[in-house]
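In each ligand, atom 1 is the first atom listed, and ligand 1 is the first ligand listed. Numbers here simply count residues along the sequence, with the first being 1.
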Amino acid sequence: MIVAEFVDLRSDTVTRPTAGMREAMATAEVGDDVYGEDPTVNALEAEVAALFGHEAALFAPSGSMANQIALQLVVPPGQELLCDADAHVVTYEIGAAAAYGGISSRTWPAVGADIDPDVVAAMIRPDGYFAVPTRAIAVEQTHNRGGGGVIPLATLRQLREIADDAQLALHCDGARIWHAHVADGVPLIEYGRLFDTMSVCLSKGLGAPVGSLVVGSAEKIERARLIRKRMGGGMRQAGILAAAGRYALAHHVDRLAEDHAKAARLAEAIAPFGVLASAVRTNLVPLDLTKSAFDAHALAAAARAEGVLISVLGPRTARLVTHMDVTDAAIDRATHALTKIFRS
Ligand SMILES: Cc1ncc(COP(=O)(O)O)c(C=O)c1O
């Protein structure tokens, strides 16, 4: 069991709803969302669609389901998705694209947010009976395994052009699109303009207990509603959850800058030990332990003994994540603990 004294830097999904958010949830107007009758869900969907300049959005129970609904919208069974080898959709979604959508995935080498559009363009396979035709490209903004890196707007625009030329869809796993927006100052609507489909999460950094949305055209979201139901994601009085999401959007987006600053402080403390995997742009601090005396499990155990929880991503890869439940004092404790461990 995780006790309250731990500084929990494993993920930005560990946040608990604030008093204000709980109040919003408790007083939410609700209805049966499978009948389309939950006013709070409907309001959230309209709000998120408008934020990204799209016609419609659909509330889903998780980021994984939102991604997979979107992929099924843009890639027919037996056809192909291109994404990077570290993408959440092919790393952490338990083969869902193949298992549920019959989607074939092909990946470019893991480079996080540093995508070379020419590499992607060269992978595209045309229609024909002899090869699997490419139907969509997916990117992740910000990039989770890519250490919270932000794909530059110019790169995304190039990918849009490539997708248009080849008549492909462009999907964004925007679980942390809010972090990119705050880090790079790119308006959400500017991001929205570039993608055919997006998934965006309310529970990663924004502090909602649950919930993601698929964003797209009215026609796509109509189809998405059916796919969600087929996947068992139709929820009833989901307005209680949507209210948390609406509260998060109203109160917790701009404050992400504080989480980014906390991550920068952690990174600064760790920098002398040569384990930072890349420049820290947002709320994720990726650690490359290949040259460290600690492997990832040993570091996590040592940190735990000092009251700090971190994530193990691979034998010599670990990650620290800042979020709204980590105070400045907690960051002080964590930097002190990690400095002590790396010096030992
Ligand atoms: C980039 C990214 N996409 C999608 C997801 C999936 O979200 P969920 O855990 O809600 O399924 C995550 C989860 O951390 C994520 O980091």
[atom1] of [X] to [atom2] of [Y]: how many Å apart, nearest 0.5 Å?
X	Y	atom1	atom2	result
Arg246	His251	CZ	NE2	11.5 Å
Leu287	Ile310	CG	CD1	6.0 Å
Glu80	Arg106	CD	CZ	4.0 Å

Only heavy atoms of Ser62, strictly under 4.0 Å: list the atoms of ligand 1 that pass.
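So the answer, numbered in order with elements, is 10 (O), 11 (O).
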Looking only at protein heavy atoms, which one is nearest to [atom], and how far off is it?
atom	answer
atom 1 (C) of ligand 1	Glu140 OE2, 3.3 Å
atom 11 (O) of ligand 1	Ser64 OG, 2.6 Å
atom 6 (C) of ligand 1	His88 CE1, 3.3 Å
atom 7 (O) of ligand 1	Lys204 NZ, 3.0 Å
atom 3 (N) of ligand 1	Asp173 OD2, 2.7 Å

Under 4.0 Å, heavy-atom basis, I'd like to know which part of [X] is in contact with ligand 1: side chain, backbone, both or neither.
X	value
His143	neither
Ala175	side chain
Asn67	side chain

Any nitrogen or oxygen of [X], main chain or side chain, under 3.5 Å from a nitrogen or oxygen of ligand 1?
X	value
Thr13	no
Gly63	yes
Arg176	yes

Could you note down all residue pairs passing ring pair (Phe, Tyr, Trp, His ring centres under 6.0 Å) where residues 22-61 supplies at least one of them, sequence neighbours left out?
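The answer is Phe52-Trp178.
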Under 3.5 Å donor-acceptor, Asp84 side chain and Trp108 backbone
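Answer holds: no.
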Taking only Lys NZ, Arg NE, NH1 and NH2, and the carboxylate oxygens of Asp or Glu, determine whether Asp165 and Arg160 approach each other closer than 4.0 Å.
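Judged by the 4.0 Å cut-off on N to carboxylate O distance, Asp165 and Arg160 do not form a salt bridge.
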Among side-chain atoms of Asn144 and Arg319, is any donor-acceptor pair under 3.5 angstrom?
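The criterion, which ignores hydrogens and geometry beyond distance, is satisfied for Arg319 and Asn144.
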Spell out, yes or no, whether Val75 and Val214 are grouped together once hydrophobic residues are joined by side-chain heavy atoms under 4.5 Å, including indirect joins.
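In one cluster: yes.
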